[in-house]
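As a basis for the values below, the full set of heavy atoms in this structure was taken, side chains included, without hydrogen atoms, waters or symmetry mates. Note on naming: letters A, B, ... go to the chains in the order of the sequence lines (proteins, then strands), and numbering restarts at 1 for each one.
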Amino acid sequence: MNCRSEVLEVSVEGRQVDEAILALLHTILLHRSTGKFHYKKEGTYSIGTVGTQDIDCDFIDFTFVRVSSEELDRAIRKAVGEFKEALSNSGSDGMGQISLEFYQKKKSRWPFSDECIPWEVWSIKVNVVNLANEQERQICREKVGEKLGEKVINIVEVINRHEYLPKMPTQSEVDNVFDTSLKDVQPYLYKITYQITDSLGTSVSTTVRRLIKDTLAL
Amino acid sequence: MENDLSPQDKKDLDKFIKFFALKTVQVIVQARLGEKICTRSSSSPTGSDWFNLAIKDIPEVTHEAKKALAGQLPGIGRSMCVEISLKTSEDIKVSYTVYNRLSLLLKSLLAITRVTPAYKLSRKQGHDYVILYRIYFGEVQLAGLGEGFQTVRVGLVGTPTGTITLSCAYRTNLAFMSARQIERTMPIMGIIIDHFNVGHMHPCNYRAAGEEEGVPYPVLEDSQEVCTTSFSTSPPSQMVIPGKEGGVPQGPLQPCHGALAEHGRLPSCPPADATHRLSATPSGGSEDTETLSQSSEAKSSSPSEALETTFSRKVGAFVNKPSTQVTTTSLDLPFAAFATRNFDLEENDPMVRPPDSPTPDSPLHGSLNSEDSIDSGGQHQDDFVMVDFKPAFSKDDLLPMDLGTFYREFQNPPQLSSLSIDVSAQSMAEDLDSLPEKLAIYERNIDEFDAFVDTLQ
């Protein structure tokens with residue numbers, strides 16, 4: 001199947017990195033999460049309800065909507081935190097990319113492990129800028145807020161164009177399509193990876209490691 | 001074809017055709033039931049075995065067939081058709097797909113509604129303005145959105161009976177910040193739902209009137225009506241409470257006007273909103289009183305900061321001798337503050353010479369007055385207090401000579417001579433005396449006046 005890949009670019013100040021990425025990731029996950037499935041007999045299922053929450057950013061003039069799930073929020077924050085740390089440890093350049101990938105698991109027979117087949121990948125390219133004074137920071141607050149607004153509109157347009165979504169699975173297949181580990185919502189199976197661009201422009205990437213791992217796994 | 005069938009033969013033929021039609025339908029339908037059919041041969045025929053064939057009559061099918069025939073027979077130019085069609089389970093899944101797609105569309109709408117400029121405005125609504133909404137059907141009205149409005153297509157969902165399109169057109173030109181204009185610009189954001197799915201459309205009982213949401217607006221409205229004659233003439237404050245934009249007067253307040261004390265039921269607002277109110281409303285008096293009384297309820301800066309202002313009341317524009325601390329006890333009349341005063345009677349006027357009690361009580365008052373730096377003319381400004389002043393209808397102070405500066409420079413014009421009682425009393429007497437003379441003059445020149453009037457016509 002074709003895997004659609006979308007790239008979003010943002011330029012932010014150091015303090016704004018977390019919130020900017022959270023805003024975009026949560027906006028995407030809002031669209032890619034459903035309520036919990038409860039399978040009944042006869043192959044039918046009922047779907048739980050997804051609550052939403054408005055989150056105001058502290059360092060950006062922006063408010064975004066995320067699903068009301070503390071567990072999911074924690075998981076995303078953890079990943080973003082790791083990315084931010086890697087970004088600050090990398091050196092002065094301050095450029096990196098964090099990717100949210102939705103995949104489906106395909107069971108393979110032994111001795112091969114399950115395949116993970118991505119069906120949608122969102123990449124957020126982050127460029128960290130340093131600002132000299134408070135006035136510039138204030139302008140940056142507003143500008144980044146506007147930019148994020150534009151990105152949200154992009155995301156919405158892309159999502160509403162997409163035709164492909166994995167088919168609604170039967171009970172036995174549900175874990176191949178959805179992440180059922182959370183207790184209140186059910187996002188599609190996803191993984192978050194990142195790569196940091198060092199000053200030479202080459203990416204010391206987790207992707208390379210992952211590729212090797214996948215190749216060995218096959 | 002035989003034209004001369006006997007009636008009996010005709011009747012028989014019709015019967016044969018009728019039963020042939022019914023049996024044909026049975027055969028076709030039974031062949032598509034998905035089961036194998038097996039009927040027995042019998043040597044002794046029963047009445048219902050038409051055409052010597054054992055074809056079972058499924059009652060439902062017979063019923064349908066008879067309904068379709070409706071007493072007629074297939075004839076020339078009137079063929080009877082049995083249609084076999086395939087209905088897939090996809091058709092049933094269509095409703096799930098549509099449902100899920102609509103769910104996705106709603107999620108997109110949730111995200112988009114926080115992104116348009118109106119969201120920020122709506123979060124800050126309170127006293128200067130409120131955001132209203134209006135639902136209507138029919139043609140989309142985009143004229144109110146101003147020039148350069150943007151459109152975002154939130155998404156499309158195809159349904160068996162049409163396409164649901166959700167788009168949002170929003171104003172981008174928000175340069176005006178006058179309260180009056182904001183009141184009039186009703187839906188700033190328009191959500192357009194065009195769909196042809198008649199089955200889901202509600203009966204068109206749209207509400208045309210704007211509805212209010214959020215802060216109870218009528219309170220504000222009333223007080224504006226009451227106080228439109230007064231202007232905020234106090235000079236701008238030099239003090240800024242850290243962390244807030246512009247100075248927000250906080251601290252001990254004297255509820256000033258007897259009349260305004262009624263407007264005690266005030267919607268609460270965070271201190272930042274107080275500044276907005278000050279800037280955007282043309283009327284000074286009660287607005288600021290309300291603002292300030294709220295500020296004292298809201299979180300205030302720590303008392304250690306000498307930034308609390310004691311603010312009394314606003315005075316009308318061009319009113320001379322602004323007075324300061326006035327308690328409710330000293331005011332007997334509503335709107336007494338707006339009555340014009342004059343210098344000569346100030347000894348007796350309690351409004352001009354306020355009772356001393358409130359003034360010295362405030363420990364910070366003295367320190368504030370010492371910071372009174374902007375004073376036009378060296379008038380009796382000692383007790384005049386500073387508040388942050390953003391004149392109505394003006395944009396930020398970008399120009400050197402702008403509305404704010406104008407106000408400050410010309411806020412204390414000299415008393416009009418005709419307004420001072422003694423002078424006017426005198427001139428009144430004079431006027432009366434001179435009237436007969438004047439009348440005489442006018443009568444003499446009556447022709448001149450007539451000619452003038454003629455030229456006007």
Whether over 12 other heavy atoms sit under 6.0 Å from B/R32 CZ: no
side-chain contact (heavy atoms from CB on, under 4.5 Å) assessment of B/V115 paired with A/F62: CA-CA 8 Å; B/V115 154; A/F62 191 65; 3.9 Å; yes
A/K147 atom NZ, neighbour heavy-atom count above 12 within 6.0 Å: no
Result of checking A/V65, A/T27, A/V152 against B/R114 for side-chain contact (heavy atoms from CB on, under 4.5 Å): A/V65
A/D54 CG to B/Y119 OH distance, which is reported to the nearest 0.5 Å: 4.0 Å
Whether over 12 other heavy atoms sit under 6.0 Å from A/K143 NZ: no
Closest non-hydrogen atom pair between B/K107 and A/H31, with its separation: C-NE2, 3.6 Å
Approximate separation, where rounding is to 0.5 Å, of A/L30 CG and B/S108 OG: 7.5 Å
Exercise: identify the closest heavy-atom pair between B/R153 and A/E157: O-CG, 3.8 Å
Spacing of CD1 belonging to A/I47 relative to CG belonging to B/N100, to within rounding of 0.5 Å: 5.5 Å
Rounded distance (nearest 0.5 Å) linking atom CG of B/L105 with atom CD1 of A/I159: 11.5 Å
Derivation and outcome, side-chain contact (heavy atoms from CB on, under 4.5 Å), residues B/L156 and A/N160: CA-CA 7 Å; B/L156 290 161; A/N160 279 281; over 6 Å; no
Proximal component of A/D61, with respect to chain B [non-hydrogen, under 4.5 Å]: both
Atom pair OG1 (A/T63) and CZ (B/R123), whose distance is rounded to the nearest 0.5 Å: 5.0 Å
Max heavy-atom pair count under 4.5 Å with chain B, selected residue of A/I153, A/T52, A/I155: A/I153
A/R32 and B/L104, any side-chain heavy atoms less than 4.5 Å apart: yes
